[in-house]
There are 2 protein chains.
Amino acid sequence: MLFGVPREKSVRLSDVAAVAGVSLATASKALNGNTRISEATRERVRVAAERLDFRPDALARSFASGRSGTIGVLTHRAKNTFAQPVAMGAILQLGAQNQAALVYDGDVKESKAMSDSLRELRARRIDGLLVIGDGHEHTSPSLTHNFDVPVRYIFTASSDPNDVLYLPDNREAGRLATQHLLDTGNTRIAHLGGPQNSIAAERRLAGMTDALTAAGLEPVGPITRSDWTRVCGAASMAELLQSGAMFDAVFCGNDHIALGAMETCAAAGVRIPDDVALVGVDNWEGTVVDQDGSRQLTSVDLELMELGRLGAASMAAADHAPGEHFSTPTLAIGPSSRV
Amino acid sequence: MLFGVPREKSVRLSDVAAVAGVSLATASKALNGNTRISEATRERVRVAAERLDFRPDALARSFASGRSGTIGVLTHRAKNTFAQPVAMGAILQLGAQNQAALVYDGDVKESKAMSDSLRELRARRIDGLLVIGDGHEHTSPSLTHNFDVPVRYIFTASSDPNDVLYLPDNREAGRLATQHLLDTGNTRIAHLGGPQNSIAAERRLAGMTDALTAAGLEPVGPITRSDWTRVCGAASMAELLQSGAMFDAVFCGNDHIALGAMETCAAAGVRIPDDVALVGVDNWEGTVVDQDGSRQLTSVDLELMELGRLGAASMAAADHAPGEHFSTPTLAIGPSSRV
DNA sequence: CTGAAAGCGCTTACAG
DNA sequence: CTGAAAGCGCTTACAG
């Protein structure tokens, strides 16, 4: 009984009402604070509740009010590297709001299973729905009109432009990375980009351009394209070196590309950060931190847990603005850039 | 309305009863299957329910039955590298069982906050409790006696030997790694161990001994100790080489140690796996997979997601055996061992 | 095997 | 501002 939680039958609201000398209805209103109740009465009820250590039975309350205290969570592939922290952040935030999470993992596009899940969620009378994808390239079918409770789309696009989306701020990530390079004295900045058709890659580049433009500059050298891998990053850097462009820094589309670039630089005798400064994106522990625990790269963190957290928190707040909302990226400075 | 979920007011059990021509009570029993009901009646009710697409209101059901369909989850530090997949596995399994998860993250030892969380969980009338830690070295205070619903301890020890624990099978991990080395033709196997006082390290070594003993062998060379880092792993390997022991394989306490050992081998001109085969433990993506996506190490996977899944599933099953239960480690073969 | 009735513990119009 | 009463939609003894 370490935490002293008593196991006796719990106090009911009627007990509180009796002690406070008011009716059940009044006690309920006093505690829930919404209706007009004299401050004196309210206080009397509060004191009684406190003294009896009253905790309203959540089941009864839910049944009577129609609010379940449960949020439905539809994850696309919650196990995925990037989706997992987003989902975790959301679920932890729900807990902090005293909301339970009913999580169905699956392919949001398999309409059979999906349809079943939706039925179950309605039967559960969820207070809200979180649709969590595994990146901005992923589009979820809009479920908003299937529910009369708030629906949020996190780490995914949706098929309906009026939906409320929570996404990592890739543009700001690009801006932040580039601004850091500018702030540390670089003026000739190149870019090793992600895939041509990737929204994330486009936005990171757009953010870079934002920062450069504000400084009256332009990207240096060819904007290379690659999938997000180290091997391609190495090739991209080789291409950049070969182009003959003069540059003192490179904003890399992600950390893998940056690591590939480092390899090419090492082979070419280009010193980092003395000759060329490098910044990546993702700040993924396994990628960016060496096995001895030392950081090997400056990287922008998209704050994915925070992203999930924000999306979940937005159900409680009355923030219904449609469109895109962002978590704020942060900069993690390592030895690949000057200070 | 992509998934065709109707928004009209839902069918109640009384509607089903009316259609089936039975009483409300009979309809309830027929659907819930527990009481003695004639098969004919049961079928009639089923058909009616099916036809009306009846879904019982979970809130009413909970209120009437006292079962919330919600499981409390107390995580120690759910963000931690190893704790996260365990928690995620558990939560996904709960969802698959149609159980919501009310997750409170915090320090299980801060009795103030803990006491609050426990109150809330009781008020919620949870059907069970999952206490999730961040490793076997972590001990949770036993909460079992604070609840009259099942409590499971996952990825943590507990202060009460009668509790039900779900843990990674470190001993089997050691056995599996060693057996793999034996199976691929090695006979002189050394060990680079984790910290002296670590339960995980002890058990991995015990498992190694199991396998060797079964083969009529003994560990070769000094059993080195280190924290789990790459730097220490490198030092341990140096110590092993210097000892003059003749060995053809090394079971490393974890992947970091194995990677450190690889460095030392490379520097000493020892070829892997030709001269020495290496196996690690953890199979952590960021550690064991190179940034180009290629695996660089043979490693035992402790199956942490599966661990969480098993713990959560055990609430549904009537498996109340006290003591330790395990997830089964698997072997992921890479280029550091022969095939 | 079946049904009438009580009851789970709150919230919420409604009347005063 | 306060209270009596209905009601949320099921489940579960209990009686038949």
Side-chain angles (χ1 to χ4, degrees), chain A residues 8-46 48-49 52-70 98 119-120 122-127 148, chain B residues 8-46 48-49 52-70 98 119-120 122-127 148:
Chain A
E8 307 77 46
K9 58 183 284 302
S10 37
V11 216
R12 277 160 306 164
L13 183 55
S14 56
D15 301 328
V16 175
V19 168
V22 298
S23 75
L24 184 59
T26 301
S28 171
K29 289 169 200 157
L31 256 26
N32 295 326
N34 31 354
T35 333
R36 253 135 266 302
I37 291 278
S38 80
E39 200 42 58
T41 306
R42 189 187 300 284
E43 193 51 29
R44 206 138 39 87
V45 175
R46 269 200 197 123
L52 298 180
D53 191 30
F54 169 68
R55 289 251 146 182
D57 182 309
L59 265 32
R61 186 207 275 266
S62 287
F63 179 53
S65 69
R67 271 167 282 117
S68 62
T70 298
N98 271 316
R119 305 197 108 69
E120 189 59 34
R122 327 193 96 232
R124 279 280 199 151
R125 310 275 290 283
I126 52 166
D127 294 338
D148 29 47
Chain B
E8 306 79 48
K9 58 182 285 303
S10 37
V11 219
R12 277 159 305 164
L13 183 55
S14 57
D15 300 328
V16 175
V19 167
V22 300
S23 76
L24 185 59
T26 301
S28 171
K29 288 170 201 158
L31 256 26
N32 295 325
N34 30 356
T35 331
R36 250 134 270 301
I37 291 278
S38 80
E39 201 41 60
T41 305
R42 189 187 300 282
E43 194 51 28
R44 204 139 40 84
V45 175
R46 269 202 197 123
L52 298 180
D53 190 30
F54 169 69
R55 291 247 146 186
D57 182 310
L59 264 33
R61 186 206 274 267
S62 287
F63 179 52
S65 69
R67 271 167 282 115
S68 61
T70 298
N98 272 315
R119 303 198 109 70
E120 191 58 35
R122 326 194 95 230
R124 279 279 199 151
R125 312 276 290 280
I126 52 166
D127 294 339
D148 28 48

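Chain letters run A, B, ... following the sequence lines, proteins first, then strands; residues in each count from 1. Keep in mind the model is a prediction, meaning the values are calculated, not measured.
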[X] side, atom [atom1]; [Y] side, atom [atom2] - distance, nearest 0.5 Å:
| X | Y | atom1 | atom2 | value |
| --- | --- | --- | --- | --- |
| B:R55 | A:R122 | CZ | CZ | 11.0 Å |
| B:R125 | B:S65 | CZ | OG | 8.5 Å |
| B:R12 | B:L24 | CZ | CG | 10.5 Å |
| B:T26 | B:R42 | OG1 | CZ | 11.0 Å |
| B:L59 | A:I126 | CG | CD1 | 11.5 Å |
| B:K29 | B:L31 | NZ | CG | 13.0 Å |

Exercise. Between A:R124 and B:A58, is there a donor-acceptor pair closer than 3.5 Å when you use the side chain of the first and the backbone of the second?
Worked result: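 No: the side chain of A:R124 does not pair with the backbone of B:A58.
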Problem set entry | Ranges pairing with ranges for DNA chain C, where each run has three or more Watson-Crick or G-U pairs under 3.5 Å |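 Paired runs of 3+ in DNA chain C: C:1-3 with D:14-16, C:5-12 with D:5-12, C:14-16 with D:1-3.
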Exercise. Can you give one letter per nucleotide of nucleotides 4-11 of chain C, going 5' to 3': B for a protein heavy atom under 4.0 Å from the base, S for sugar-phosphate only, - for none?
Worked result: B---BBBB
For this session: With side chain to side chain contact (heavy atoms under 4.5 Å, CB included) as the test, would you mind laying out the steps for B:S10 and B:D57 before giving the verdict?
Result: CA-CA 9 Å; B:S10 37; B:D57 182 310; over 6 Å; no
For this session: For B:T41, report the nucleic acid contact type (base, sugar-phosphate, nothing); a contact means any heavy atom under 4.0 Å.
Result: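 Counting heavy atoms under 4.0 Å across all strands, the contact made by B:T41 is with sugar-phosphate only.
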